[in-house]
Amino acid sequence: PPAPGPLIFQPYHDDHRGRLGQLIERTYIGSLDCPALDGLREIEDVITGYQATGRYDPARWFFVRHADTDVGLLLLTSHAPARQWELVYMGLVPEARGHGWGEMIARFAVWRAGQGRAEQLVLAVDAANIPVCRIYERVGFTPWDHRTVWIRRFRNPTAV
């Protein structure tokens, strides 16, 4: 199990959807993970997309708290029957960065996936997000695949 530390992992419940949305938006501020995609979707679409990944189970989603304050999120899912888990999203609010908490969250994710009898834990990260890539390397992840994300933006999405 992860070493005791300053963080508390509070399970998510569907009644907390508003709190979840607000926290996701706060973790996106100043994020180095795909910054060009920031603001392209409404937060409800973002949450629905996270829930549509793998087999949604709110017991695998966590508010990360420090001193009775939400400082981050960890969203995990499983992909059956492969016994593969995915770290769907991990984020910290700007004021919580730089304390080593990202690594604590990643280690908790690995431990939680192991508790769920996962054979592997996978994730996607922007390769340009060097600080987080280093966290994942320290926790034992290795690069597996590289993909390119393409997007075409429209100035007026309602125009034909």
Side-chain angles (χ1 to χ4, degrees), residues 2 7-65 70-93 96-97 101-153 157:
L7 302 179
I8 302 295
F9 292 85
Q10 180 185 59
Y12 169 75
H13 187 276
D14 287 328
D15 292 345
H16 300 141
R17 192 174 180 98
R19 175 181 166 200
L20 176 72
Q22 291 174 354
L23 191 54
I24 290 171
E25 288 179 326
R26 288 186 57 221
T27 65
Y28 283 1
I29 297 170
S31 174
L32 299 177
D33 210 46
C34 303
L37 301 178
D38 192 31
L40 293 182
R41 296 187 303 164
E42 297 293 327
I43 198 64
E44 280 300 316
D45 293 336
V46 170
I47 294 170
T48 299
Y50 289 155
Q51 288 176 320
T53 302
R55 183 186 300 161
Y56 169 66
D57 180 351
R60 295 184 182 132
W61 286 24
F62 300 91
F63 291 105
V64 180
R65 298 178 55 78
D70 290 335
V71 296
L73 290 165
L74 172 64
L75 310 180
L76 299 166
T77 194
S78 67
H79 296 276
R83 293 184 56 183
Q84 172 178 288
W85 278 40
E86 180 177 350
L87 193 162
V88 177
Y89 183 71
M90 176 180 93
L92 286 165
V93 298
R97 297 176 189 149
W101 295 348
E103 186 170 333
M104 289 179 193
I105 296 169
R107 289 188 186 284
F108 180 86
V110 169
W111 174 77
R112 184 64 188 89
Q115 291 295 106
R117 301 182 194 256
E119 292 179 1
Q120 61 186 8
L121 176 62
V122 299
L123 59 90
V125 65
D126 185 339
N129 189 348
I130 301 301
V132 171
C133 289
R134 288 184 180 144
I135 287 171
Y136 292 138
E137 288 173 0
R138 285 194 302 269
V139 173
F141 287 89
T142 56
W144 170 45
D145 194 8
H146 297 273
R147 297 180 185 183
T148 303
V149 176
W150 292 74
I151 187 167
R152 170 65 162 90
R153 290 194 208 191

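For the numbers below, each heavy atom of this structure counts, side chains included, while hydrogens, waters and symmetry mates do not.
- Rounded to the nearest 0.5 Å, atoms CD (Gln120) and CD (Glu86) are 11.0 Å apart.
- Residues Trp85 and Thr77 form no side-chain contact, since every pair of their non-hydrogen atoms from C-beta on lies 4.5 Å or further apart.
- Trp101 has its side chain out of reach of Val64: every pair of non-hydrogen atoms, C-beta onward, lies at least 4.5 Å apart.
- For CD of Glu42, the number of neighbouring non-hydrogen atoms (other residues, nucleotides, ligands) closer than 6.0 Å is 12 at most.
- Residues His13 and Pro58 form no side-chain contact, since every pair of their non-hydrogen atoms from C-beta on lies 4.5 Å or further apart.
- By the 4.5 Å heavy-atom criterion applied to side chains, Leu121 and Leu76 are counted as neighbours.
- The closest side-chain heavy-atom distance from Thr53 to His79 is below 4.5 Å.
- Tyr136 pairs with exactly one of Val110, Leu87, Thr142 by the side chain to side chain contact (heavy atoms under 4.5 Å, CB included) rule, that one being Leu87.
- Arg97 and Thr27 make their closest contact through NH2-O, 2.7 Å (heavy atoms, listed as atom of the first residue, atom of the second, distance).
- Annotation: the span from Arg19 atom CZ to Ile24 atom CD1 amounts to 12.0 Å, rounded to 0.5 Å.
- Under the 4.5 Å side-chain criterion, counting only non-hydrogen atoms from C-beta, Val93 is not in contact with Ile29.
- Side-chain atoms of Cys133 and Val125, non-hydrogen and from C-beta on, do get closer than 4.5 Å to each other.
- The CG atom of Leu75 lies 12.0 Å from the CG atom of Asp57; values are rounded to the nearest 0.5 Å.
- A distance of 6.0 Å or more separates the ring centres of Tyr89 and Trp61.
- In this structure, CD1 on Ile8 lies 12.0 Å from CG on Asp70, to the nearest 0.5 angstrom.
- Among residues two or more places apart in sequence or in another chain, the side-chain hydrogen bond (donor to acceptor under 3.5 Å, both in side chains) test is passed with Arg147 by Asp145.
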- request: Begin from the C-alpha positions of Phe63 and Leu20 and carry the test side-chain contact (heavy atoms from CB on, under 4.5 Å) through to its verdict.
  value: CA-CA 8 Å; Phe63 291 105; Leu20 176 72; 4.3 Å; yes
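- Each salt bridge (charged side-chain N to carboxylate O under 4.0 Å, His left out) pair with one or both residues in residues 101-114, not counting sequence neighbours, appears once here: Glu103-Arg107, Glu103-Arg138.
- Here the closest non-hydrogen pair linking Ala106 and Val139 is CB-CG2, 3.8 Å.
- Listed here is the closest heavy atom pair of Arg55 and Ala80: NH2-CB, 2.7 Å.
- Between Ser31 atom OG and Asp126 atom CG the span is 8.5 Å, to the nearest 0.5 Å.
- In this structure, Arg117 contributes its side chain and Arg83 its backbone to no donor-acceptor pair below 3.5 Å.
- Closest of all the heavy-atom pairs between Ile130 and Ala127 is CD1-O, 3.5 Å.
- Interatomic distance, CG of Leu23 versus CZ of Arg65, reported as 9.5 Å (0.5 Å rounding).
- Partners of Arg41 according to the salt bridge (charged side-chain N to carboxylate O under 4.0 Å, His left out) rule, which considers only residues two or more places apart in sequence or in another chain, do not exist here.
- In this structure, the side chains of Leu32 and Val132 stay at 4.5 Å or more apart for every pair of heavy atoms.
- For Arg134, the CZ atom counts as loosely surrounded, since its 6.0 Å shell holds 12 or fewer non-hydrogen atoms of other residues, nucleotides or ligands.
- Trp111 and Phe108 have tilted rings, their planes meeting at an angle from 30° to 60° on a 0 to 90° scale.
- Of all the heavy atoms in Val71 and Ala96, the pair that sits closest is CB-CB, 3.7 Å.
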